[in-house]
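Chain A is the first sequence line, chain B the second, and so forth, proteins listed ahead of strands; every chain is numbered from 1.
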2 protein chains.
Amino acid sequence: MNAEQVLDVAMKAYWQSDPADVSINAICQMAGISKPSLYREFGSEDGLSRATLDRYAEQVLSEMFVVLRSGTGLRATLAALIDFASDDPRMETGCLFYKMRSGKHRLGPETRARVEEIDAVGQAAYAAFLQAARDAGEWPEGLSVEAGAKYLGEQIALAITMRASGEDPADVREMLTLALSVFTKL
Amino acid sequence: MNAEQVLDVAMKAYWQSDPADVSINAICQMAGISKPSLYREFGSEDGLSRATLDRYAEQVLSEMFVVLRSGTGLRATLAALIDFASDDPRMETGCLFYKMRSGKHRLGPETRARVEEIDAVGQAAYAAFLQAARDAGEWPEGLSVEAGAKYLGEQIALAITMRASGEDPADVREMLTLALSVFTKL
DNA sequence: TCATTTTCGTACTATTCGGTATTTTATGCC
DNA sequence: GGCATAAAATACCGAATAGTACGAAAATGA
């Protein structure tokens, strides 16, 4: 059982329930390793959760950024985001990043810093995507790109969180579509 | 120190931080009573949090329902809701009900049931409000009242939660206004 | 004033948490 | 085989959790 396998176990556990509800003990048991082994590898709970978040970012979040950079235009990209948030099977139990972000105050300093870093990267990606749409003339009047990016990010987070809480994906899709219609009703 | 004073202390503590982060010990200390006294009065932590939620509902949430029933028309009522969510000083540290709802799985059975009950009442109130607007002809095509009610409720919850996490009230207002503009852009 | 009952708080479970000291086990080398 | 070394697990620590047993104190009634 190497470090990456442990991270996969931790990621699955954190992702499936909630980082705050999964103890180090539970992860050791699930991974079949002893507690000292885990501490040798990751130093602390904070170290483990940070490493887990890093792995999640490169394995899962990176794909969202690909969608944002696809350059297929405002409507098509928004549609792809809606698909991802409301129907992608990986978001069935929510998004580990959003779970960590919403329980930020319970995280250790390393992990919290990483959450904020990823949040900023995400905001920048949303803003770049919307700026491109604006440059292409697809943009409602009287809305700044920054405000739009924040809005877009929060709406997607809301949709994924709602799915995680057991909401019907069709309802989530309807709500997210309605929320994002503000970008296309010129 | 009677039961209602204890509930006020608990409400403040739960509301200000998060129900999951406030222990029975801490509440006893803040209220200046002993733990057995608290258990005599409320039976269990679940009993205390349920009673606290009840008190919160009748003292704070009830006013939101008043706004919804004001009958001042779609635009004016939405504006009042936006004011409430983004500027009312009582929502500065968020809404206790939404905090409990988002951490539902950590609550005891009594409190959880009460949360679901209040949630249903809220949905019904939103739906009644929107139905009235629809009857008055103020309604976008192709949107069901139920979906609109759910959307409205989630957007307000999101706005208040964002405020609790330290977001600038002006930004929150802008986002909520944008989100609710789907109801008025006919 | 004394006895009874009710109220209340100190002091205690039992468990779980993150984290670690110590001992046991496996490994490599001669 | 015998021995040094590295790795891993057992068993523990102190703190914090929800919840309670039991004795002290205070109010009540005669």
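The minimum heavy-atom distance linking A:Arg163 with A:Phe84 is given by the pair NH1-O, 4.1 Å.
Atoms CG (B:Leu48) and C1' (D:dT17) sit 15 Å apart, rounded to a whole Å. Across the protein-nucleic acid pair, B:Phe42 atom CZ and D:dG19 atom P stand 14 Å apart, rounded to whole Å. If you measure from atom CD of B:Glu41 to atom C1' of D:dG19, you get 17 Å, rounded to the nearest angstrom. Summarising the geometry, the separation between CG on A:Leu38 and P on D:dT10 is reported as 15 Å, rounded to the nearest angstrom. D:dG19 atom P lies 12 Å from atom CD1 of B:Ile27, rounded to whole Å. Atoms CG (A:Asn2) and P (D:dA8) sit 11 Å apart, rounded to a whole Å. At whole-Å resolution of the value, CD in A:Gln29 and P in D:dA9 are 13 Å apart.
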Using nucleotides 19-21 of chain C, report all nitrogen or oxygen pairs with the protein that are shorter than 3.5 Å.
residue, atom, partner, partner atom, Å
C:dG19, OP2, A:Tyr39, OH, 2.8
C:dG19, OP2, A:Glu45, N, 2.9
C:dG19, O5', A:Tyr39, OH, 3.4
C:dG19, N7, A:Lys35, NZ, 3.1
C:dG19, O6, A:Lys35, NZ, 2.4

Dump every N/O contact between nucleotides 24-26 of chain C and the protein below 3.5 Å, one line per pair.
none

For nucleotides 22-24 of chain D, list the nitrogen or oxygen atoms of the protein found under 3.5 Å from its nitrogen or oxygen atoms, one pair per line.
none

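When each of B:Glu154, B:Glu116, B:Glu117 is checked for a salt bridge (Lys or Arg N to Asp or Glu O under 4.0 Å) with B:Arg101, only B:Glu154 meets the rule.
Judged purely by distance below 3.5 Å, without hydrogens or angles, the side chains of A:Ser37 and A:Ser34 pair a donor atom with an acceptor atom. Between the side chains of A:Asp18 and B:His105, not a single donor N or O lies within less than 3.5 Å of an accepting N or O.
B:Asp168 has no carboxylate O lying under 4.0 Å from a charged side-chain N of B:Arg173, or vice versa, which leaves the two without a salt bridge. A salt bridge is absent between A:Asp46 and A:Arg50: the closest approach of a Lys/Arg side-chain nitrogen to an acidic carboxylate oxygen does not fall below 4.0 angstrom. A salt bridge is defined here as a Lys NZ or Arg NE, NH1 or NH2 lying under 4.0 Å from an Asp or Glu carboxylate O, and B:Arg55 with B:Asp8 meets this definition. With respect to the salt-bridge test (charged N to carboxylate O, under 4.0 angstrom), the residues A:Lys150 and B:Glu167 qualify.
The side-chain heavy atoms of A:Ser102 and B:Thr161, taken from C-beta on, include no pair separated by under 4.5 Å.
Judged by distance alone, the side chain of B:Tyr151 and the main-chain N or O of B:Ala179 form a donor-acceptor pair under 3.5 Å. Between the side chain of A:Lys99 and the main chain of A:Tyr14, no donor-acceptor pair closer than 3.5 Å is present.
For C:dC8, the OP1/OP2 oxygens have no side-chain nitrogen or oxygen of B:Ser34 closer than 4.0 Å. Dashed line: the shortest gap from a side-chain N or O of B:Ser37 to OP1 or OP2 of C:dC8 is not under 4.0 Å.
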